[in-house]
Peer 1: 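Below: one structure in structure tokens.
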Amino acid sequence: MGLKYILNTVLICCWIWQSLAQSDPSECLKASAKSCGECIQVGRNCGWCTKMDFLGMGESAVLRCDDVESLKRRGCAMEDVENPKGSLRVEIDRNLTGLASGKGIRLEDLSQIRPQKLSLKLRPGEPQTFSLHIQRAKDYPIDLYYLADLSISVQNGLENMKKLGIELKEEIQKIASDFRIGFGILQRNPCAVGETCTSQFSFRNILSLNSDGAMFDTLLQQQAVTASLNSSEDGAAAIMQAAVCGDIIGWRNAIRLLVYYSNTGLHFSGDDKHHSVLPNDGRCHIDSHSVYTMNHHHNHPSISHLAQKLEKNKIHLFFAVKEELKDIYRTLQNSIAKSKVGILTSNSSNVIKLILNTYHDLSSEVILENSKLPKRTLIDYTAHCNNNTVHTGEDGRKCLGIQVGDEVNFVVNITAKKCPKNKKKTTLNIEPWGLNEKVEIDLEFVCECECHKNGIPNSPYCHQGNGTLECGSCRCNEGRIGQFCECNVDEVFSDDIVTSCRKDEAAPICSNNGDCICGQCVCKRRENPEELISGRYCECNNFSCDRHNGLICGGNGICNCGRCECLPTFTGNACQCSLEVESCTAANGQICNGRGVCECGRCRCTGMFTGPTCEQCPTCPAVCTILKDCVLCKAFNKGPKKDACDQCEFEVTLVERPDQLSQRYCSFRDVDSGWFCFSYAVNDQGVPEVRVVKTPGRC
């Protein structure tokens, strides 16, 4: 279990990471959502700020919808952010149970897939991910229903039909200990006197699914040719009744096989001239005598209708037909999922082999199918099969070549892109092909915010009760508009109202950056959702401030109405200057060595001083005097500091000639050594460089 559990956990985490990585923080603002419900449907990271004083002057209510992190940066505390999440709850999770794992297990209690039921709440854009575990039970039961068309023109056709039925029973009994067989026929059913008939044949159930093989043989041998008429118009209706009359036929939770034996073609709705009868309703109409009663009243089904009922009831259809009819039935095979065509031969081996191969395929593969999804809801599968193989995409629905007892796992990811129009709950079923078991998933869509339930109708906050206070903003009553429902729609364009949207008489309305609504400016939205226009007259914005290094306010402040508001440690028109002084502090602890001013993190030195902290002064006479004794001891091992030379914090380099010194150098006459010359400088790394002419003499 360990490795499979780890793989499933990693994959689920990958789904979550991928969906986060693909989210666009600006999509929330771009949506211009006018309510909390609209907002949370935009994307999984979109939140709605319910703080009543969140919006500034001239800002539209749509700015309440933003990426959650952006809302926090804009001053909306998390307790004021509506950001509901989806959820997943496992309702039924019985352990996997094989028939061979314990005696006395009833077929209806068999569990080959878990969990069996879940409840999902889907918020648009937020996937819900879970694992399904499937284990094929050993010796899974088989139900086989044999449906024969007895309108056979030659007697040997009847004998072949009986022979095939008995051989099928014997071969399947060899591979399945729990096997039941039954059969039905198309029998002659002439019209009553005075009745107008469109069909002369009717389906009759001879033997419901039963484990008594001897009874099947006996009843099959008793059948005789009913007529030499063509019953092709009624074969499709007979197949339909065999599929939908589950209680009468006796279908169990088993592999369900339906074999249709005929030497004629099939007719379906739309390919004949009988338009006066009622359409086939796909329901069971078998009376107490086991006979289909609506053959004179209902048209035969369409191909798609029959295919739908077969799939819904998990029935695998096999056509056993003569060689000359194979092309006709193979055309049907393309329209009826999972149907197959077997060619009748003298020993019927072709049909038997086909059915046995299908059973073995069903026993060694797991293929998942799901019922119809709501619009804009997506499902994705990832299969974890034998030998740690992983399949995605369309192959993520299936595991092939598995052995009885092997457990395979599927990671299922369900995402609602949008809320359905009716926003109602619905049920989704996931079913393994060939197993009459399913996972039932109740889907509920998160399309509204909790604050929506707590709206205050006729709130005083909404201009004397002209609207409902909902999720921090006003939803105006009919005939009222404005941020606070303060305006009557009939007064929108009056001169007095428009005048209040001008900064002065000569100024344009809302600075040409907005619309005057109810005497208040509602500022325009920019193409870039991060760029906001605000202010009573839409005269302010957050994008026209000075820039430094290509960044608004140097990236060290906030642009507020055209001016940079710098962070505490920065200053300047574009917040380009740091107020930190650490880089200006000299070794002696003084700012710029006491010889300059720290500006924007750099020393501006005074006088003749230079260097990062104003510690250098190559042309100052005092420097020569200060360094003289250290140069004597370092270069010539003489002078007053001869015995304390290790206190000198620099090393010297001896040169041959005076022209190898810097342009400005120091020259002294020592009593013992005579004249000596040296130069002093500090390199870019702040390391002193002292050069001394090694041969004393006047420079």
Side-chain angles (χ1 to χ4, degrees), residues 136 138-150 152 154-186 206-223 235 238-239 242-243 249-252 254-264 266 310 314-330 332-333 336-365 404 433-434:
R136 283 278 190 182
K138 183 179 181 181
D139 197 20
Y140 197 67
I142 301 177
D143 284 352
L144 186 148
Y145 193 79
Y146 190 44
L147 176 57
D149 174 6
L150 297 188
I152 302 170
V154 290
Q155 188 64 32
N156 64 350
L158 176 63
E159 296 306 315
N160 287 338
M161 182 277 290
K162 296 177 179 178
K163 181 179 179 183
L164 173 61
I166 293 172
E167 288 180 353
L168 272 174
K169 182 206 69 173
E170 293 174 348
E171 291 298 323
I172 294 180
Q173 282 178 332
K174 294 177 183 178
I175 61 171
S177 60
D178 189 356
F179 167 58
R180 299 199 311 172
I181 191 168
F183 82 97
I185 61 171
L186 268 173
I206 301 297
L207 176 67
S208 297
L209 291 163
N210 196 290
S211 58
D212 190 341
M215 183 184 296
F216 173 82
D217 293 349
T218 300
L219 292 174
L220 188 65
Q221 293 294 350
Q222 292 175 359
Q223 303 308 308
I239 295 172
I249 302 301
W251 295 115
R252 299 177 298 168
I255 293 177
R256 299 174 176 181
L257 310 177
L258 173 59
V259 179
Y260 178 66
Y261 183 102
S262 179
N263 66 348
T264 63
L266 282 179
L310 288 167
K314 300 298 178 186
I315 294 172
H316 302 269
L317 177 61
F318 298 87
F319 296 111
V321 298
K322 297 187 297 182
E323 173 75 25
E324 57 264 32
L325 296 174
K326 65 179 181 181
D327 292 336
I328 296 174
Y329 279 90
R330 282 175 179 166
L332 294 177
Q333 179 179 324
I336 301 176
K338 307 178 187 69
S339 64
K340 290 183 169 58
V341 177
I343 309 303
L344 293 171
T345 59
S346 58
N347 58 10
S348 301
S349 60
N350 179 281
V351 176
I352 293 174
K353 182 178 179 181
L354 181 68
I355 294 173
L356 293 179
N357 286 343
T358 299
Y359 172 77
H360 289 303
D361 288 343
L362 291 172
S363 301
S364 63
E365 66 186 18
V404 172
W433 178 26

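If you're wondering where the values come from, they're calculated on a predicted model, not measured in any experiment. Positions are given from 1, in the same order as the sequence printed here.
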Peer 1: Contact between M161 and Y146 at the side-chain level, heavy atoms closer than 4.5 Å - yes or no?
Peer 2: yes
Peer 1: Tell me, do L219 and F183 make a side-chain contact under 4.5 Å, heavy atoms counted?
Peer 2: yes
Peer 1: Going by an N to O cut-off under 4.0 Å, is there a salt bridge joining D143 and R180?
Peer 2: yes
Peer 1: Set out, in order, the CA-CA distance, both residues' side-chain angles and the distance that settles side-chain contact (heavy atoms from CB on, under 4.5 Å) for F318 and V351, then state yes or no.
Peer 2: CA-CA 8 Å; F318 298 87; V351 176; 5.8 Å; no
Peer 1: What's the separation between atom CD in Q173 and atom CG in L144, rounded to the nearest 0.5 Å?
Peer 2: 11.0 Å
Peer 1: Which heavy atom of I336 sits nearest a heavy atom of L310, and at what distance?
Peer 2: CG2-CD1, 3.7 Å
Peer 1: Under 3.5 Å, side chain of Y145 to main-chain N/O of G184, donor-acceptor pair present?
Peer 2: yes
Peer 1: So do the side chains of I166 and Q221 get within less than 4.5 Å of each other, counting heavy atoms only?
Peer 2: yes
Peer 1: Under the 3.5 angstrom rule, does the side chain of W251 hit a backbone N or O of A242 as a donor-acceptor pair?
Peer 2: yes
Peer 1: For the NZ atom of K163 and the CG atom of L168, what is their distance to the nearest 0.5 Å?
Peer 2: 12.0 Å
Peer 1: Using every non-hydrogen atom in the two residues, find where T264 and L325 come nearest and quote the distance to one decimal.
Peer 2: N-CD1, 3.5 Å
Peer 1: Are any of the side-chain heavy atoms of K169 and F179 separated by less than 4.5 Å?
Peer 2: yes
Peer 1: Say you draw a straight line from CG of L344 to CD of E323; how long is it, rounded to the nearest 0.5 Å?
Peer 2: 10.0 Å
Peer 1: Measure the spacing between CG of L354 and CD1 of I343 and express it to the nearest 0.5 Å.
Peer 2: 9.5 Å
Peer 1: Give the minimum heavy-atom separation between P141 and A254, together with the two atoms involved.
Peer 2: O-CB, 3.4 Å
Peer 1: Donor-acceptor pair, K162 side chain versus Q223 backbone, under 3.5 Å?
Peer 2: yes
Peer 1: Taking the side chain as every heavy atom from C-beta outward, state whether L164 and I352 have any atom pair closer than 4.5 Å.
Peer 2: yes
Peer 1: Among all residues two or more places apart in sequence or in another chain, which pass the side chain to side chain donor-acceptor pair (under 3.5 Å) test with S211?
Peer 2: none
Peer 1: Measuring from N160:CG to E167:CD, what's the distance to the nearest 0.5 Å?
Peer 2: 9.5 Å
Peer 1: Checking Y359 against I255 for the side-chain contact (heavy atoms from CB on, under 4.5 Å) test, could you report, in this order, the C-alpha distance in whole Å, the side-chain angles of both residues, the deciding distance, and whether it holds?
Peer 2: CA-CA 8 Å; Y359 172 77; I255 293 177; 3.6 Å; yes
Peer 1: Is there a side-chain contact between I172 and I181, using heavy atoms and a 4.5 Å cut-off?
Peer 2: no
Peer 1: My understanding is that only residues two or more places apart in sequence, or in another chain, count here; which of them pass salt bridge (charged side-chain N to carboxylate O under 4.0 Å, His left out) with K340?
Peer 2: none
Peer 1: Got a second to check how far I249's CD1 is from I315's CD1, nearest 0.5 Å?
Peer 2: 8.5 Å
Peer 1: Between F319 and L266, is the side-chain contact (heavy atoms from CB on, under 4.5 Å) condition met? List the steps.
Peer 2: CA-CA 11 Å; F319 296 111; L266 282 179; 3.9 Å; yes
Peer 1: Is there side-chain contact between Y260 and Y329, with at least one heavy-atom pair below 4.5 Å?
Peer 2: yes
Peer 1: Sequence neighbours excluded, which residues qualify as salt bridge (charged side-chain N to carboxylate O under 4.0 Å, His left out) partners of E171?
Peer 2: K174
Peer 1: Do R252 and D178 have side chains that approach each other closer than 4.5 Å (heavy atoms only, starting at C-beta)?
Peer 2: yes
